[in-house]
Amino acid sequence: MKNKFNMCDAKRLHDAINNSVKQFADNGLENYILLSGGADSLCVLYAVIELGLPYKVINFKFEGKDSIDTDSVRFLWDKIKFPVEWLELPINNIDVLRQSVCLSKQIFGRIRKVKVETIYAMLLVREKIPKGVNILSGFGGDGAVCYHKNDAILISKVGQEAEEVLKIRRGNKNNDEFRHIFSDWNYFTPYHEKEVTDVLIDYTTTACNARFPKSAFVYAYADSFRKYENYRRPIGFHKASHEVDAFEELAKQNGFNSALSFFNAIGKELENVRIKG
């Protein structure tokens with residue numbers, strides 16, 4: 001593995017992402033891009049723009065909550081004026097929350113708080129997207145460059161080339177909740193495609209995050225990031241949109257001391273219904 005990532009390497013990553021996007025999205029259908037404003041989803045947007053493909057951006061926030069994501073995407077929209085749908089989602093749809101708990105157990109084998117929150121938002125977004133279109137996301141970008149602290153701890157113990165690290169970096173399509181939610185659409189993320197991950201794993205995670213978090217992605221589309229001046233430090237959209245706070249508030253409104261205890265109670269309720277049925 002190379003421990004440096006220069007502009008020649010960036011060109012290689014750029015071409016791999018563009019080619020994977022073209023192979024998927026150049027099919028005459030409109031491309032709906034789930035854009036958070038983070039570097040990984042922006043690379044998908046810039047690839048679609050460079051390829052001249054038809055697209056619309058989807059961005060959401062929760063009703064009554066500010067969103068770093070929406071602010072970031074609006075900043076970019078002021079410069080590009082791309083077609084976009086701004087969604088404001090309710091936080092108190094209990095039926096959708098039940099679906100989210102079920103899907104978390106189905107996909108991950110247990111109720112994972114962050115995944116329930118993510119699934120909840122995407123289920124509501126799904127209601128606003130017509131069938132017969134492509135759905136593109138930047139899901140998996142974090143894992144592809146092992147941006148998270150837990151990944152760094154693992155790497156410090158087992159090394160960059162350990163199989164468990166490479167498994168994280170290549171991603172697991174079965175653990176992509178977006179893929180499950182949008183199973184009735186044509187769904188795609190470049191960060192689970194072999195053509196892209198083959199390039200990324202030629203470089204250490206240190207190289208991919210050398211100058212700043214996810215710098216490899218920014219260098220891959222350096223002209224666009226420089227032109228629009230829109231790099232922002234990574235933050236999970238469930239935090240950027242104050243989703244965490246919103247669910248904690250909802251839990252307390254329903255008599256629980258935390259969102260996780262609320263989700264677990266819903267899970268038990270659903271299990272009891274299943275057993276009785």
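- Shown here is K227, whose NZ atom has no more than 12 heavy atoms of other residues, nucleotides or ligands within 6.0 Å.
- Note: I17 CD1 to T189 OG1 = 9.5 Å, rounded to the nearest 0.5 Å.
- Partners of A210 by side chain to side chain contact (heavy atoms under 4.5 Å, CB included), not counting sequence neighbours: none found.
- Looking at R170, its side chain never comes within 3.5 Å of a backbone N or O of T197 through a donor-acceptor pair.
- Residue F212 is grouped with residue Y221 when hydrophobic side chains (ILVMFWY) are merged at heavy-atom distances under 4.5 angstrom, including chains of intermediate members.
- Panel note: side chain N59, backbone L35; a donor-acceptor pair is recorded below 3.5 Å.
- For N174, the side chain to side chain contact (heavy atoms under 4.5 Å, CB included) partners at least two apart in sequence or on another chain are N172.
- A cation-pi contact links K81 to W77, judged by a cut-off of 6.0 Å to the six-membered ring centre and 45° from its axis.
- Note on L260 and F262: separate hydrophobic clusters, where clusters join Ile, Leu, Val, Met, Phe, Trp and Tyr whose side-chain heavy atoms are under 4.5 Å apart, directly or indirectly.
- Contact check for D198 versus D202: no side-chain heavy atoms found under the 4.5 Å cut-off.
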Kindly determine whether E117 and K113 satisfy salt bridge (Lys or Arg N to Asp or Glu O under 4.0 Å), including the steps that lead there.
CA-CA 6 Å; E117 293 169 349; K113 177 178 178 291; 2.9 Å; yes
Worked verdict on D9 versus R12 for salt bridge (Lys or Arg N to Asp or Glu O under 4.0 Å)
CA-CA 5 Å; D9 305 312; R12 184 180 172 216; 5.7 Å; no
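- Judged by distance alone, the side chain of T70 and the main-chain N or O of F60 form a donor-acceptor pair under 3.5 Å.
- Annotation: side chain of N31 is in contact with side chain of P54 (closest heavy-atom distance under 4.5 Å).
- Under the ring-ring contact (aromatic ring centres under 6.0 Å, His included) criterion, F263 pairs with F247, not counting sequence neighbours.
- L136 pairs in a side chain to side chain contact (heavy atoms under 4.5 Å, CB included) with only one of the listed residues (V48, L45, L34, N186), which is V48.
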Evaluate the criterion side chain to side chain contact (heavy atoms under 4.5 Å, CB included) for residue pair M122 and E177; output intermediate values, then yes/no.
CA-CA 9 Å; M122 288 299 105; E177 59 267 28; 6.0 Å; no
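- In K56, the NZ atom is crowded: over 12 heavy atoms of neighbouring residues, nucleotides or ligands sit closer than 6.0 Å.
- Remark: Y203 engages F5 in a ring-ring contact (aromatic ring centres under 6.0 Å, His included) (not counting sequence neighbours).
- Between T205 and Q160 there is a side-chain heavy-atom pair separated by less than 4.5 Å.
- You'll find the side chain of Q23 stays beyond 4.5 Å of the side chain of E193, heavy atoms only.
- Residues M7 and L13 share a single hydrophobic cluster, defined by chaining ILVMFWY side chains whose heavy atoms lie under 4.5 Å apart.
- Counting all heavy atoms, side chain and backbone alike, V21 lies closest to A47 at CG2-CB, 4.1 Å.
- Taking the charged nitrogens against the carboxylate oxygens, R74 and D78 have no contact shorter than 4.0 Å, which rules out a salt bridge.
- Within the model, atoms CD1 of I135 and CD1 of I58 stand 7.5 Å from one another, a figure rounded to the nearest 0.5 Å.
- Taking NZ of K194 as the reference point, atom OG of S20 lies at 13.0 Å (rounded to 0.5 Å).
- If you take CG on N134 and CD on E30, they are separated by 9.5 Å, rounding to the nearest 0.5 Å.
- Proximity of a side-chain donor or acceptor of S100 to a complementary backbone N or O of V96 within less than 3.5 Å is detected.
- For D176 and K173, the salt-bridge test fails: no basic side-chain N is under 4.0 Å from an acidic carboxylate O.
- Of all heavy-atom pairs spanning V145 and C208, the tightest one is CG1-CB, 3.7 Å.
- Between A246 and I91, the shortest heavy-atom distance links the atoms CB-CG1, 3.5 Å.
- K157 pairs by the side chain to side chain contact (heavy atoms under 4.5 Å, CB included) definition with I153, not counting sequence neighbours.
- Summarising the hydrophobic clusters (Ile, Leu, Val, Met, Phe, Trp, Tyr; side-chain heavy atoms under 4.5 Å, direct or chained), the residues clustered with V165 are L154, I155, V158, I168.
- Residues A39 and F217 come closest through the heavy atom pair CB-CB, 4.4 Å.
- Side-chain contact check for I49 versus F82: every heavy-atom pair is 4.5 Å or farther apart.
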Do any side-chain atoms of residues 105-112 form donor-acceptor pairs under 3.5 angstrom with protein atoms, and if so which ones, sequence neighbours left out?
none

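- Contact of the L123 side chain with the R126 side chain is registered, since non-hydrogen atoms from C-beta on lie closer than 4.5 Å.
- Put simply, SG on C43 and OH on Y191 are 4.0 Å apart, with the number rounded to the nearest 0.5 Å.
- Grouping the Ile, Leu, Val, Met, Phe, Trp and Tyr side chains by contacts below 4.5 angstrom, directly or via other members, places F75 apart from I68.
- Nearest heavy-atom pair, K61 versus S67, reported as atom, atom and distance to 0.1 Å: CB-CB, 3.6 Å.
- Residues forming a side chain to side chain contact (heavy atoms under 4.5 Å, CB included) with K4 (at least two apart in sequence, or on another chain): none.
- Under the side chain to side chain donor-acceptor pair (under 3.5 Å) criterion, the residue pairs touching residues 39-52 are H14-E50, N18-E50, S36-S41, D40-K214, Y46-N230, with sequence neighbours excluded.
- With no hydrogens or angles considered, a side-chain donor-acceptor pair links S137 and Y187 at under 3.5 Å.
- For the pair L97/L250, a side-chain contact is recorded, criterion being any heavy-atom separation below 4.5 Å from C-beta on.
- The hydrophobic cluster around L166 extends to M1, I201, counting ILVMFWY residues whose side-chain heavy atoms fall within less than 4.5 Å of a member.
- The two residues V73 and G37 have their closest heavy-atom pair at CG2-N, 3.7 Å.
- Counting only residues at least two apart or on different chains, the side chain to side chain donor-acceptor pair (under 3.5 Å) pairs with a member in residues 261-270 are R98-E269, N257-S261, S258-S261.
- Atoms NZ and CG, from K22 and L53 in turn, are 7.0 Å apart once rounded to the nearest 0.5 Å.
- With sequence neighbours left out, F24 forms a ring-ring contact (aromatic ring centres under 6.0 Å, His included) with F188.
- Between F182 and W185, the ring planes are perpendicular. Angles over 60° get that label, and only those under 30° would be called parallel.
- Here the side chains of Y120 and F62 are in contact, with some heavy-atom distance below 4.5 Å.
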